[in-house]
Amino acid sequence: VREASGLAPAAAELCYNQPFVGEAAVVFVWTAIPARMEWRYAYLAHRMIAIEAGHVCQNLYLAAESIGAGDTSVRS
């Protein structure tokens, strides 16, 4: 965890120039190393990575909601 100058415009550009990414107070980025999953799940590794990322993201949204913080989910 660190603060870096010039990171906001780069993050927005990497997210297809969505301006709210560069203006956010915090941006979480999940990464994975597929080889660490492939030894266990073989050809299903990439699917499992997506499922696990979804679980982590869901828990982040639940935590943000519980403290009244905003998130990027769409509400109607």
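Predicted model only: the values in this text are computed from it and were never measured. The chain is numbered in sequence order, starting from 1.
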Other hydrophobic cluster members with I51, side-chain heavy atoms of Ile/Leu/Val/Met/Phe/Trp/Tyr under 4.5 Å, chained? M37, Y41, Y43, L44, M48, I49
Does a sphere of radius 6.0 Å around CD in Q18 hold more than 12 heavy atoms from other residues, nucleotides or ligands, not counting ones at 6.0 Å or beyond? yes
Closest non-hydrogen atoms of C15 and V21, given as atom of the first, atom of the second and distance, are CB-CG2, 3.9 Å
Residues passing the side chain to side chain contact (heavy atoms under 4.5 Å, CB included) test with V56, sequence neighbours excluded, are W30
Minimal non-hydrogen separation, S66 against A63, with atom names: OG-O, 2.8 Å
Taking every non-hydrogen atom, the tightest pair across G22 and A12: N-CB, 3.9 Å
Those residues that, when tested against V26, pass side chain to side chain contact (heavy atoms under 4.5 Å, CB included) (two or more places apart): F28
Whichever hydrophobic residues join I67 through chains of side-chain contacts under 4.5 Å: none
Do V27 and F20 belong together in a cluster built from hydrophobic side chains that touch within less than 4.5 Å? yes
Could you identify which residues cluster with I33, counting Ile, Leu, Val, Met, Phe, Trp and Tyr as linked when any side-chain heavy atoms lie under 4.5 Å apart, either directly or through a chain of such contacts? none
Excluding L7, membership of its hydrophobic cluster (Ile, Leu, Val, Met, Phe, Trp, Tyr; side-chain heavy atoms within less than 4.5 Å) reads none
